[in-house]
Amino acid sequence: MGAAGALERRMRPGTPEELSVYGGLHLTAATAAAAEFDRAAVPRFLRQARRAAARLGGDHNLHGIAFGPTNVAIHTISTAVAIGDARTAVEAGEDLQVGTLPAGLVGRRAQVCLDLARAYTQRRQDAAAVHTLLDTERLAPELIRYHPGTAGVLTELLRREHRRSTPELRPLASRAGVA
């Protein structure tokens with residue numbers, strides 16, 4: 001955060017490149033805070049990143065840093081899931097149009113879907129979780145099969161399975177090697 005502070009002091013009002021770096025530093029800090037389960041710091045860092053994205057005015061890839069409102073939303077979802085704030089993750093995920101991400105960002109799209117499925121599972125919205133996992137499988141079948149977080153989500157969904165509302169769950173779990 002020292003670098004972000006130094007950059008903030010000199011950027012008046014800030015070039016797009018400076019705003020991208022500044023916002024990216026705050027997203028990195030939010031991710032680190034989520035990994036440390038620092039529930040107070042995560043929203044503070046995301047708020048600063050959101051402000052920088054608003055000033056930037058759109059999604060850009062400057063200095064090799066993909067930054068803008070979409071990337072802030074993606075980090076909001078992933079950090080919220082990491083700290084167990086499923087409500088925030090679902091709200092951000094339902095507002096984000098993953099289909100608008102550039103076609104080359106298949107892995108990013110799939111990771112967003114997986115994070116959203118984890119949030120739905122935390123909220124016990126099992127049908128939504130299964131449908132989101134199916135979307136993930138269409139985007140990146142290897143993520144369903146090999147990502148360590150997927151097995152936990154599928155195991156939890158199977159534990160409380162209601163076959164009428166989630167008929168696709170068992171076949172999906174089987175394809176993932178979980179059932």
Side-chain angles (χ1 to χ4, degrees), residues 4 19-20 22-61 65-103 105-140 143-144 147-157 159-162 165-166 168-169 172:
L19 289 167
S20 291
Y22 179 77
L25 289 169
H26 280 87
L27 291 180
T28 300
T31 301
E36 294 294 320
F37 207 74
D38 186 343
R39 295 177 62 98
V42 169
R44 187 175 67 245
F45 292 133
L46 289 173
R47 211 171 15 259
Q48 286 299 105
R50 202 170 291 111
R51 286 183 187 134
R55 287 173 58 193
L56 186 60
D59 295 314
H60 298 278
N61 190 2
I65 297 172
F67 182 73
T70 302
N71 212 23
V72 173
I74 290 169
H75 280 76
T76 299
I77 296 164
S78 65
T79 57
V81 168
I83 62 173
D85 184 359
R87 182 186 56 78
T88 296
V90 167
E91 287 173 0
E94 289 179 346
D95 287 343
L96 178 66
Q97 298 300 317
V98 178
T100 64
L101 294 176
L105 297 179
V106 173
R108 195 69 157 139
R109 284 181 181 179
Q111 185 60 53
V112 169
C113 288
L114 182 55
D115 287 341
L116 190 53
R118 288 176 55 204
Y120 282 131
T121 302
Q122 289 172 356
R123 292 194 63 159
R124 304 182 71 84
Q125 292 176 277
D126 295 355
V130 171
H131 288 289
T132 305
L133 287 171
L134 290 168
D135 289 343
T136 307
E137 183 181 41
R138 279 188 284 283
L139 287 169
L143 193 62
I144 293 296
H147 189 279
T150 305
V153 170
L154 287 168
T155 300
E156 178 65 20
L157 291 169
R159 187 184 60 74
R160 60 179 189 238
E161 178 183 22
H162 187 265
S165 63
T166 57
E168 307 94 340
L169 175 59
L172 175 64

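Position 1 is the first residue of the sequence, and the numbers go up from there. Side chains are part of it too, since the values below use all heavy atoms of this structure and drop only hydrogens, waters and symmetry mates.
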With a 4.5 Å limit on heavy-atom distance, are the side chains of Leu154 and Leu169 in contact?
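In contact.
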Minimum heavy-atom distance [X]-[Y], with the two atoms named:
X	Y	answer
Thr132	Tyr120	OG1-CE1, 3.4 Å
Ala53	Pro69	CB-N, 3.6 Å
Gly23	Ala52	CA-CB, 4.1 Å
Val90	Arg123	CG2-CD, 3.8 Å
Ala34	Ala82	CB-CB, 3.9 Å
Cys113	Leu139	SG-CD1, 4.0 Å

side-chain hydrogen bond (donor to acceptor under 3.5 Å, both in side chains) with His131: which residues, sequence neighbours excluded?
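For His131 there are no side-chain hydrogen bond (donor to acceptor under 3.5 Å, both in side chains) partners, ignoring immediate neighbours.
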Using the side-chain hydrogen bond (donor to acceptor under 3.5 Å, both in side chains) criterion, which residues pair with Glu137? Sequence neighbours excluded.
Arg175
Say you draw a straight line from [atom1] of [X] to [atom2] of [Y]; how long is it, rounded to the nearest 0.5 Å?
X	Y	atom1	atom2	result
Ile77	Asp95	CD1	CG	9.0 Å
Leu133	Ile144	CG	CD1	5.0 Å
Asp135	Arg109	CG	CZ	11.5 Å
Ser20	Leu25	OG	CG	10.5 Å
Thr155	Arg159	OG1	CZ	10.0 Å

Sequence neighbours left out, what passes salt bridge (charged side-chain N to carboxylate O under 4.0 Å, His left out) with [X]? Give chain and number order.
X	answer
Asp59	none
Glu161	Arg163, Arg170
Arg87	Glu91

Which residues share a side chain to side chain contact (heavy atoms under 4.5 Å, CB included) with [X], sequence neighbours left out:
X	value
His60	Leu56, Leu62
Arg160	Thr121, Arg124, Asp126, Glu156, Leu157
Leu27	Leu46, Ala49, Phe67, Asn71, Val72, His75
Ala80	Asp85, Thr88, Ala89

Run the numbers on Gln111 and Asp115 for side chain to side chain contact (heavy atoms under 4.5 Å, CB included), then give the verdict.
CA-CA 6 Å; Gln111 185 60 53; Asp115 287 341; 3.1 Å; yes
Considering only residues two or more places apart or on different chains, which pairs with a residue in residues 35-53 satisfy salt bridge (Lys or Arg N to Asp or Glu O under 4.0 Å)?
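Listed once each, the pairs would be none.
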What salt bridge (Lys or Arg N to Asp or Glu O under 4.0 Å) pairs are there with at least one residue in residues 23-35, not counting sequence neighbours?
none
